[in-house]
Amino acid sequence: MTEFREGTLDTMIERLRCAISGFDREWIKNCIPATEQQLQHLEDICCQNHYTLPEAYRKYLMAMGQNDGGLLERQWDGYCKPNIDYLLELLADEEYAKDDWENGLLLFSHHWTDANSYLRLSDWSDNPVVTDMDGKYFAGSFEKYLFQQAFKMYHEKFPYEAGIGNSVKSMDEVLRKYSRPCTVFGGTAEERMDFIRHLVEPFHPQKTWFSDNLHYFCYNEEYALSINLHWSCLIVFSCNDPVLKEKADRELTEIFTI
């Protein structure tokens, strides 16, 4: 069984390699590290803007900065660009990156719609929070974000998948249906997460260490479950058993039927 183990930043890349190699032994062959020149160039740009390069991101770049085997491309529609040479071109344009630097944000993944991902450098952390294009919290740390994207790859190895997503309006109605406290339209992230805990509690799942305020993950040798609460609620359940998949389809539909 694949193990997504927790550890120190010093072991982050090795743990990531072991986790992905547990279900995709070919992945590591595609990874290409950033060059020393590229790393130095990025460090110089950070320094010019009065920031230092976070250690977690540095370790990622040193292992797979030029090509990460498709790991971070999976965000949104699968067309993100995290490769360092492309990012350096964007960051070299002072006008393009001006607002980001002023807000203490470092672009690490670019999307053609500008739905980019950033590291919050203003936290002065070796393992900073990941934010969305509006600078809002998106993942608990860069390390957690890496393993969350690896978990998406893990999902793809199961032959059957059930999933459901809803709008803010329908999430508001779902919360009210289950008599959950709802202080704002669609519920706060905390209220939605409390609802998710309520849903999964009967199954006694073991939540992974890389879950955070907006993401819930659990798995075993038979299934993988991901819940994303960034916008409203997106649930993906993957498994080996077609009967289990049909059961998940029925139960998810029932939960979100208003």
Side-chain angles (χ1 to χ4, degrees), residues 1-28 30-31 33 52-65 68-75 80 82 106 108-109 117-121 123-132 137-158 189-190 192-194 196-201 203-230 234-239:
M1 176 180 171
T2 296
E3 292 189 15
F4 291 86
R5 295 182 290 110
E6 187 176 10
T8 65
L9 277 185
D10 288 339
T11 64
M12 179 183 75
I13 295 301
E14 185 57 34
R15 288 183 288 111
L16 185 67
R17 285 171 173 164
C18 287
I20 298 178
S21 295
F23 57 86
D24 186 351
R25 294 187 178 278
E26 297 298 311
W27 167 77
I28 192 64
N30 296 317
C31 294
T52 57
L53 191 64
E55 189 62 22
Y57 186 43
R58 179 198 300 275
K59 290 182 182 299
Y60 162 83
L61 293 173
M62 290 175 65
M64 56 194 82
D68 65 10
L71 178 63
L72 298 192
E73 293 174 8
R74 285 172 164 74
Q75 190 61 59
C80 290
L106 172 61
F108 74 86
S109 182
S117 298
Y118 301 86
L119 298 177
R120 189 182 291 163
L121 298 185
D123 291 343
W124 299 100
S125 168
D126 284 340
N127 192 13
V129 163
V130 173
T131 78
D132 64 11
Y137 178 105
F138 190 72
S141 70
F142 183 66
E143 178 188 23
K144 287 189 174 185
Y145 184 80
L146 289 179
F147 279 85
Q148 289 171 9
Q149 301 310 303
F151 199 74
K152 290 182 180 180
M153 297 172 64
Y154 183 58
H155 263 295
E156 296 170 3
K157 301 306 174 182
F158 289 95
E190 292 81 5
R192 294 196 296 270
M193 182 59 75
D194 183 63
I196 292 304
R197 295 191 191 99
H198 166 74
L199 287 182
V200 302
E201 189 175 54
F203 305 100
H204 306 289
Q206 182 63 47
K207 184 173 69 171
T208 66
W209 66 268
F210 52 88
S211 300
D212 56 36
N213 295 346
L214 293 179
H215 305 88
Y216 187 103
F217 304 95
C218 62
Y219 71 103
N220 61 23
E221 65 275 7
E222 297 178 348
Y223 76 88
L225 172 67
S226 298
I227 303 174
N228 186 327
L229 302 174
H230 177 248
L234 173 64
I235 301 178
V236 180
F237 179 84
S238 303
C239 62

Point to revise | The single option from Glu156, Gln148, Gln149 passing side chain to side chain donor-acceptor pair (under 3.5 Å) against Arg74 | key: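 Answer after filtering Glu156, Gln148, Gln149: Glu156.
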Check your understanding: Do you know which of Ile235, Asp212, Ile196 makes side chain to side chain contact (heavy atoms under 4.5 Å, CB included) with Leu229?
Key ->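 Considering Ile235, Asp212, Ile196, a side chain to side chain contact (heavy atoms under 4.5 Å, CB included) with Leu229 is found only for Ile196.
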Between [X] (side chain) and [Y] (backbone), is there a donor-acceptor pair under 3.5 Å?
X      : Y      : answer
Ser141 : Lys144 : yes
Arg15  : Thr8   : yes
Trp27  : Asp68  : yes
Ser21  : Cys18  : no

Exercise for review: Return the set of residues passing side-chain contact (heavy atoms from CB on, under 4.5 Å) with Ala56 (not counting sequence neighbours), or none when no residue passes.
Suggested key: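 Expected list: Leu9, Met12, Asn127, Phe142.
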Practice item. Check side-chain contact (heavy atoms from CB on, under 4.5 Å) between Thr131 and all other residues, then give those that pass, not counting sequence neighbours. Key: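 In terms of side-chain contact (heavy atoms from CB on, under 4.5 Å), with neighbours along the sequence ignored, Thr131 is linked to Leu105, Tyr118, Arg120, Val129.
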Exercise for review: Please lay out, stage by stage, how Val130 and Leu119 fare under the test side chain to side chain contact (heavy atoms under 4.5 Å, CB included).
Suggested key: CA-CA 5 Å; Val130 173; Leu119 298 177; 4.0 Å; yes
Review point. Does Phe217 have its ring centroid less than 6.0 Å away from the ring centroid of Phe147?
Key: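 For Phe217 and Phe147, the ring centres are not under 6.0 Å apart.
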Point to revise | Ring centers of Phe237, Tyr223 separated by less than 6.0 Å | key: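 When the ring centroids of Phe237 and Tyr223 are compared, they turn out to be within the sub-6.0 Å range.
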Please report the shortest heavy-atom distance between [X] and [Y], naming the atom on each side.
X      : Y     : answer
Leu121 : Thr52 : CD2-O, 4.2 Å
Tyr219 : Phe4  : OH-N, 3.1 Å
Met153 : Asp24 : CE-OD2, 4.3 Å
Ala150 : Phe23 : O-CZ, 3.7 Å
Cys80  : Glu73 : O-CG, 3.3 Å
Cys31  : Gly69 : SG-N, 4.2 Å

Evaluate the side-chain proximity of [Y] to [X]: yes if any heavy-atom separation is below 4.5 Å, no if none is.
X      : Y      : value
Leu234 : Ile227 : no
Glu143 : Trp209 : yes
Met193 : Asn213 : no
Tyr145 : Gln75  : yes
Ile20  : Thr2   : no
Tyr60  : Leu16  : no

Review point. Hey, are Asp10 and Lys59 close enough for a salt bridge, meaning a charged N less than 4.0 Å from a carboxylate O?
Key: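 Salt bridge present between Asp10 and Lys59.
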Distance check, rounded to the nearest 0.5 Å: [X] atom [atom1] versus [Y] atom [atom2]?
X      : Y      : atom1 : atom2 : value
Cys239 : His155 : SG    : NE2   : 11.0 Å
Ser211 : Gln206 : OG    : CD    : 9.5 Å
Thr208 : Tyr216 : OG1   : OH    : 8.5 Å

